[in-house]
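Written below as structure tokens is the structure these notes are about.
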4 protein chains.
Amino acid sequence: MPTPRFFADKICPVRAKRERRKEARPGELLAAALDLFVEKGFAATRAEEVAARAGVSKGTLFLYFPSKEELFKAVVVENLGGRFAEWNDEFEAFEGTTADMLRYCMRVWWERVGMTKASGLTKLMMSEGTNFPELAEFYRKEVVRPGHSLLRRILQRGIDRGEFAPVDIDHAIYAVVAPMVFLMLWKHSAMVCVDAETSLDPEKYLATQAETVLYGLTRQPGAAA
Amino acid sequence: MPTPRFFADKICPVRAKRERRKEARPGELLAAALDLFVEKGFAATRAEEVAARAGVSKGTLFLYFPSKEELFKAVVVENLGGRFAEWNDEFEAFEGTTADMLRYCMRVWWERVGMTKASGLTKLMMSEGTNFPELAEFYRKEVVRPGHSLLRRILQRGIDRGEFAPVDIDHAIYAVVAPMVFLMLWKHSAMVCVDAETSLDPEKYLATQAETVLYGLTRQPGAAA
Amino acid sequence: MPTPRFFADKICPVRAKRERRKEARPGELLAAALDLFVEKGFAATRAEEVAARAGVSKGTLFLYFPSKEELFKAVVVENLGGRFAEWNDEFEAFEGTTADMLRYCMRVWWERVGMTKASGLTKLMMSEGTNFPELAEFYRKEVVRPGHSLLRRILQRGIDRGEFAPVDIDHAIYAVVAPMVFLMLWKHSAMVCVDAETSLDPEKYLATQAETVLYGLTRQPGAAA
Amino acid sequence: MPTPRFFADKICPVRAKRERRKEARPGELLAAALDLFVEKGFAATRAEEVAARAGVSKGTLFLYFPSKEELFKAVVVENLGGRFAEWNDEFEAFEGTTADMLRYCMRVWWERVGMTKASGLTKLMMSEGTNFPELAEFYRKEVVRPGHSLLRRILQRGIDRGEFAPVDIDHAIYAVVAPMVFLMLWKHSAMVCVDAETSLDPEKYLATQAETVLYGLTRQPGAAA
DNA sequence: AATGAATGAGCGTTCATTCAT
DNA sequence: TATGAATGAACGCTCATTCAT
């Protein structure tokens with residue numbers, strides 16, 4: 001029996017192609033922009049090149065994003081800023097020890113951000129942030145502060161439960177963030193070390209750093225004396 | 001025995017004065033360029049601004065350096081590449097243990113490079129290297145390879161003397177370089193961590209990393225089992 | 001005898017509704033275009049904005065008018081050029097003195113054109129005519145020449161009837177037109193005089209100017225001596 | 001006897017040409033800009049065309065004026081705004097009757113502004129002022145307000161001396177300004193009247209209007225009843 | 001008939017580099 | 001040697017117009 005799909009198959013592909021295109025455009029542009037921003041940096045990426053890589057003309061890019069800066073912000077939200085809601089939920093739902101939570105946190109960060117192109121955005125902000133203050137502020141608001149906030153809540157949970165010593169939380173945040181930042185920079189710097197890839201096992205490195213941090217967090221500050 | 005310098009000092013005082021001034025110009029330009037390159041990056045630094053900071057006109061800059069790229073290369077040679085001769089000599093003259101040599105090496109690197117503006121050049125190359133392949137290659141030739149070469153000779157000395165285990169030298173080089181690179185990136189990235197300065201004691205960090213590396217180098221590979 | 005309209009009204013109510021809507025579209029577009037052209041000028045008015053104000057999409061605008069220039073021409077015909085037929089008929093039907101005809105002419109011009117948005121079109125042509133020669137020529141053909149022609153016939157009637165002295169008609173036309181043009185410019189120029197509106201009573205001004213012109217027309221040229 | 005000029009003639013022309021050029025550039029650019037702004041309006045005048053008419057390249061224009069808007073402002077100051085100081089001085093120095101002062105004022109205005117290209121700037125502001133609010137405000141501050149201010153002082157002098165009736169000065173200002181504005185618009189509008197030039201004698205028109213205004217100013221307001 | 005996504009020529013502005021002085 | 005006026009290629013962004021649906 002002929003299903004409606006049979007008929008639809010005849011007509012829809014045409015429309016479907018168009019409509020899918022329309023809805024896919026922003027995504028394609030964001031993907032192309034992510035690629036190029038990570039590859040060349042913000043200033044050196046030309047709007048026309050982003051459009052070309054997404055398979056559209058220069059004008060089309062500005063149909064979806066009013067300026068290159070807004071395009072960049074959208075890339076940041078798409079790949080980093082917009083995902084904290086989900087990550088915060090994971091935090092709320094986590095039921096294990098806080099040490100495990102921190103290990104899990106650093107591991108999935110690597111899988112979802114660190115090893116992906118998205119990590120290039122952080123390196124980009126470190127390189128060009130001073131040249132584009134508005135982007136820097138946006139990045140701080142959308143990524144840095146939520147990230148610090150999440151870590152702060154994790155650490156606070158550990159302290160509240162008596163799992164961690166009552167350390168200086170701000171300082172501890174840096175201890176956690178530092179290896180992540182280092183990995184992002186390392187990964188995107190094929191300059192100093194020709195085979196940066198092979199010379200460092202990121203997951204092992206991260207695991208080691210996690211244990212180091214946890215060692216410092218769990219040790220009773222008074223007990224050392 | 002009269003050196004050629006004695007003779008030159010006598011008959012060309014006028015010329016000497018002139019040449020000193022003439023020779024001072026490039027130095028002022030190089031200093032201004034270093035400042036600005038480190039502050040804003042290569043692409044974002046305008047030639048005119050370099051000239052202005054050096055107190056000369058835009059044309060004068062191009063009188064001494066035929067292009068912005070050549071200016072950058074000169075900055076690299078002045079601050080990094082040109083100093084390996086001296087560092088190599090220090091290596092040859094060093095008489096202590098190789099472990100001390102490595103400790104010394106990392107410490108003075110921090111004093112002479114890491115904590116100075118020159119470290120910004122490395123971060124710059126990591127950020128913009130892909131956009132300026134010729135500069136990247138130059139940097140590799142003038143800085144990366146000599147640096148690796150020096151470390152390689154140090155490590156080889158340790159192995160040859162039986163102080164170090166016969167490790168994979170390339171891998172060991174990265175183990176030494178990594179913390180240095182990390183410090184340079186950290187220092188020049190005011191983005192993720194608002195107070196990068198206060199959250200990490202570079203010298204302590206470096207000393208710790210040195211001991212970690214040395215621990216791996218001195219441990220008998222077979223003895224671990 | 002049944003007219004075609006009778007037939008059409010009966011069997012095509014659906015079509016009629018459709019056609020009325022279809023026929024209403026250009027009118028809405030013309031109204032929106034008039035508003036915006038008068039407000040911002042020809043070049044500064046964006047096609048998309050006209051469409052948006054008429055409640056249709058950009059594409060629809062170009063369905064009815066093949067270009068922005070043609071749209072403008074249609075606006076000119078709708079508001080100025082297409083009305084001369086009626087005005088000429090009024091002239092033919094007028095039965096009073098030619099002086100009264102001229103007074104009437106200037107008064108109703110103010111009511112029907114001068115005080116309406118349509119007067120902005122004249123100001124627009126004065127401002128942008130040199131940038132759009134084809135529009136300028138069109139405006140001359142559709143508005144200026146018919147207007148001058150009508151005035152010429154009025155003046156000729158006065159002379160033929162012995163009501164006016166046999167003046168130089170071209171010169172007299174300018175005498176009549178000048179105050180009208182002045183009022184249009186004045187009305188649409190909020191720049192020099194902040195309260196252009198309140199500082200001049202257009203109808204009184206026009207009446208005065210009419211009398212001045214008529215005084216010149218009726219006075220026997222020889223009698224002045 | 002050979003004068004120094006003989007020698008100078010050999011060397012200076014080269015330098016002179018250069019230096020004269022440098023100093024002449026802004027003037028040449030302002031002249032070209034005035035021409036084109038008056039001819040085509042602000043928006044329709046392309047920066048490159050201004051440069052070309054001044055005999056320089058596009059980049060050179062921006063060496064002297066940081067933006068097209070600033071170029072326009074400079075044109076306004078050069079041709080209108082910057083001359084009020086001199087005009088104010090003439091007012092202070094004038095020793096005749098205030099009626100003569102007003103007549104003189106309108107006459108020299110025509111010679112120095114009205115009949116020159118500068119009058120096109122006023123027409124331009126009337127046409128495009130709403131599209132460029134910052135330019136409009138600048139023009140108001142630099143031209144409209146000083147102009148009104150000067151007229152206000154003239155009228156006040158007449159009233160203070162008992163030459164004029166104590167009229168509403170704001171209203172009187174418009175009565176004086178209106179014919180000037182009209183002439184500027186008329187002059188730059190070759191649209192409605194093909195031969196605007198020949199159809200109106202500006203000086204005679206202005207003189208007539210001056211007398212009309214003066215008639216209103218000198219008539220005792222109470223005496224009319 | 002109506003849509004609106006897509007195009008691409010065009011403009012304002014920047015900046016490394018040149019060269020006459 | 002030193003200057004700085006001049007250049008022109010390049011980029012971000014706009015908008016009238018087209019066309020597949």
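Order of the sequence lines fixes the chain letters, A, B, ..., with proteins taken first and strands second; residue numbering starts at 1 for each chain.
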Rounding to a whole Å, what distance do you find between C:Asn131:CG and E:dC11:C1'?
15 Å
Nucleotide paired to E:dT14 in any strand shown, Watson-Crick or G-U, under 3.5 Å
F:dA9
For D:Phe132 and E:dG12, give me the distance from atom CZ to atom C1', rounded to whole Å.
12 Å
The ring-ring contact (aromatic ring centres under 6.0 Å, His included) partner of B:Phe132 among B:Phe37, B:Phe138, B:Phe42 is B:Phe42
Rounded to the nearest 0.5 Å, how far apart are CG of C:Leu121 and CG of C:Leu135?
11.0 Å
By nearest-heavy-atom nucleotide on DNA chain F, the more 5' of C:Glu48 and A:Arg46 is A:Arg46
Smallest heavy-atom separation, D:Val38 atom then D:Lys117 atom, equals CG2-O, 3.4 Å
Output the rounded distance in Å from CG (B:Leu61) to P (F:dA5).
17 Å
Spacing between C:Glu49 atom CD and F:dC15 atom P, to the nearest angstrom:
9 Å
With nearest nucleotide decided by heavy atoms, which residue, A:Ser67 or B:Gly59, maps closer to the 5′ end of DNA chain F?
B:Gly59
Heavy-atom neighbours of C:Glu48 CD exceed 12 at 6.0 Å:
no
Indicate yes or no: does C:Lys73 engage C:Glu134 in a salt bridge with an N to O separation below 4.0 Å.
yes
For DNA chain E, whose closest nucleotide is more 5', that of B:Phe62 or that of D:Thr45?
D:Thr45
Whole angstrom is fine here: how far is it from CG in C:Leu63 over to C1' in E:dA2?
7 Å
Any donor-acceptor pair under 3.5 Å joining the side chain of D:Lys58 to the base of E:dT13?
yes
Find the distance D:Lys40:NZ to E:dC11:C1' and express it as a whole number of Å.
13 Å
Out of E:dA16, E:dT3, F:dT17, which nucleotide sits closest to the side chain of C:Ser57?
E:dT3
Base of F:dT17, side chain of C:Lys68 - is there a donor-acceptor contact under 3.5 Å?
no
Complementary nucleotide of E:dT21, counting Watson-Crick and G-U pairs under 3.5 Å:
F:dA2
Between E:dA5 atom C1' and A:Leu29 atom CG, what is the distance in whole Å?
12 Å
Using whole Å, what does the distance between atom P of nucleotide E:dA1 and atom CD of C:Glu28 come to?
15 Å
Considering just the side-chain nitrogens and oxygens of D:Thr60, establish if one lies under 4.0 Å of OP1 or OP2 belonging to F:dT7.
yes
Please state whether the phosphate of E:dA1, meaning OP1 or OP2, lies under 4.0 angstrom from any side-chain nitrogen or oxygen of C:Tyr64.
no
Find which nucleotide of DNA chain E each of C:Gly55 and A:Val56 is nearest to by heavy atoms, and output the residue with the more 5' nucleotide.
C:Gly55
